[in-house]
Amino acid sequence: MQRIRSIVFTVLTMLIAGATFLFAASLGLAIAGIVAVLMLGSMLAGKLQPRPVRATARARNDRAAPGQREPRIWNDGRGTIIDL
């Protein structure tokens, strides 16, 4: 009787350990999949952001003084920057 009880407890312990391992492995795969989807979404969202567009203001030849440089104007996506 003692030997049968020992075998039954050993089998039950192995089944519980196997079920716990399967649960942990599936939970780990689910978390890895969620993280992968979030990383892909973040990468695609970064690529879809509008790029800053460089705009230039051309000075008229009759108004431009000699030695005066052309002002730099560009839009960085958050506002227009004018460098005189």
Side-chain angles (χ1 to χ4, degrees):
M1 187 72 179
Q2 186 71 18
R3 184 179 169 122
I4 294 173
R5 186 182 303 161
S6 176
I7 292 172
V8 169
F9 281 143
T10 302
V11 170
L12 284 176
T13 304
M14 290 174 69
L15 286 175
I16 291 172
T20 304
F21 174 76
L22 285 176
F23 175 74
S26 64
L27 191 64
L29 284 175
I31 290 173
I34 291 170
V35 168
V37 168
L38 289 175
M39 287 176 61
L40 279 172
S42 175
M43 183 183 69
L44 290 176
K47 287 190 176 192
L48 295 177
Q49 291 289 331
R51 302 219 180 228
V53 177
R54 171 105 187 204
T56 58
R58 302 199 185 274
R60 290 187 176 178
N61 290 335
D62 56 348
R63 291 187 184 175
Q68 184 181 15
R69 70 182 182 110
E70 181 178 317
R72 296 184 306 156
I73 302 171
W74 69 92
N75 188 346
D76 66 350
R78 293 177 286 176
T80 302
I81 300 171
I82 302 172
D83 183 14
L84 297 173

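The first residue in the sequence is number 1, and the count goes up from there. In this text, all values refer to a predicted model and were calculated from it rather than measured experimentally.
Hydrophobic clustering places Phe23 together with Ile31 (ILVMFWY residues linked when any side-chain heavy atoms are closer than 4.5 Å, directly or through intermediates).
The neighbour count for Met43 CE, taken as heavy atoms of other residues, nucleotides or ligands under 6.0 Å away, is above 12. Atom CG of Leu27 has more than 12 heavy atoms from other residues, nucleotides or ligands within 6.0 Å.
The only option from Ile16, Thr10, Leu12, Val11 that meets the side chain to side chain contact (heavy atoms under 4.5 Å, CB included) definition with Met14 turns out to be Thr10.
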